[in-house]
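All remarks here apply to the structure that follows.
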Amino acid sequence: MDRFSPIGVFDSGLGGLTVVRAIQKLLPQESLIFVADQAHVPYGDRPLEQVSGYAQAISNALFNAGCKAVVMACNISSAVAHTTVTNTFAPKPVIGMIQPGSHHAMECSRYKRIGIMATLGTVKSDAYPQFLKDLCPSVQVQQVACPAFVPLVEAGQTDGEAALDAAREYLKPLLLADVDTIVLGCTHYPFLLPILQSLTPNIEYVDPAIVATEQLKQELEAIDLLSVNTEHPHHYFATTGSVLELERSLKKMISTDTLTLEVAQANWNEGVLTL
Ligand code: DGL
């Protein structure tokens, strides 16, 4: 493993691509291995222990494949498995979404009334309220589970009536709580940001991927592992679902012009992921 080794990134599905976009923007010279566990999407409705098992197995596969760092581009995985995976692979950097997202929300929120939009599992884990309260005990946090969002994003329906109706419904409790800032606590949700902003132009939205990527950069810099690649980076995308469908989505959802790109099948076998 050296500075040219790839960074591992994973999610249950296409949401992780919002994190890939953030990495491409801040660290365009880095190569990536991205895993979309689309055989199991959505994670948000599954028992937290099961999600933790998937997250640990995928992280294991990524480090075994020679990754120099892993980004859990999945809030629910970060909520339930970040500490375990960090301890297992220390001192290699493992970046989650909850802590960077919370720090950024605290900076953005004027009145310390923060809304969290997330999957059912992330809401149940209570990870965001707990971490936000550690940062500022008087913060008011209102969470809302948004189960319709992930299937809409996976189906590419991010700007239709169904997305608009779901967004209106999910925003209601947050507006009632008079939040000034909303954390997009699932990596799928930034694809719905235009719709959310059109309904609530005065609310500040936080995408944890931005600060998570800055943290990734700092941690790689600290151990002298930032890439100095001057050629096109190589991105390897693996899915446990349909390779054809992932290829189609990639072309629509991220910029692929300056990449060498490979899309492949990943397989689960008795709890072990093979890339
Ligand atoms: N995108 C993931 C997250 O950030 C998981 C969504 C899901 O599969 O339910 O939580």
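All residue numbers in this chain count up from 1 along the given sequence. Just so you know, ligand 1 is whichever comes first in the structure, and atom 1 is the first atom listed for that ligand.
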Practice task
May I ask you to identify the nearest protein heavy atom to atom 3 (C) of ligand 1, giving residue, atom name and distance to one decimal place in Å?
Solution key: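 I find the closest protein heavy atom is Asn75 N, 3.2 Å.
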Practice task
Among all protein heavy atoms, pick the one closest to atom 9 (O) of ligand 1 and tell me residue, atom and distance.
Solution key: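 Atom 9 (O) of ligand 1 sits closest to the protein heavy atom Gly44 N, 2.8 Å.
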Ligand 1 to [X] polar contact by distance, N or O atoms, under 3.5 Å:
{"X": "Tyr43", "value": "yes"}
{"X": "Thr119", "value": "no"}
{"X": "Gly185", "value": "no"}
{"X": "Asp45", "value": "no"}

Problem - Min side-chain heavy-atom separation Tyr43-Asp11 under 4.5 Å - result: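 Result no, sub-4.5 Å side-chain heavy-atom pair not found.
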Problem - Check: Ile203 and Asp180 side chains under 4.5 Å, non-hydrogen atoms - result: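 They are not in side-chain contact.
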Check ligand 1 against [X] and write out every atom of the ligand that is under 4.0 Å from a heavy-atom position of the residue.
{"X": "Ser12", "value": "5 (C), 6 (C), 7 (C), 8 (O)"}
{"X": "Val41", "value": "8 (O)"}
{"X": "Val150", "value": "6 (C), 7 (C), 9 (O)"}

Exercise for the section: Could you see which bit of Asp11 sits under 4.0 Å from ligand 1, with heavy atoms only: side chain, backbone, both or neither? Expected result: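 Side chain only.
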Handout entry: Heavy-atom gap Gly15 to ligand 1 smaller than 4.0 Å
Key =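 It does not, in that no heavy atom of Gly15 comes within the 4.0 Å cut-off of ligand 1.
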Problem - Proximity flag Cys74 to ligand 1, non-hydrogen atoms under 4.0 Å - result: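 Cys74 counts as a contact of ligand 1 under the 4.0 Å cut-off.
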Handout entry: Distance-only donor-acceptor check, side chains Tyr189 and Asp207, under 3.5 Å
Key =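 The answer is no; no qualifying pair exists.
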Exercise for the section: State yes or no: do Val211 and Ile23 share one hydrophobic cluster built from I, L, V, M, F, W and Y residues joined by side-chain heavy-atom distances below 4.5 Å, directly or via other members? Expected result: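 Per the 4.5 Å side-chain linkage, Val211 and Ile23 are not co-clustered.
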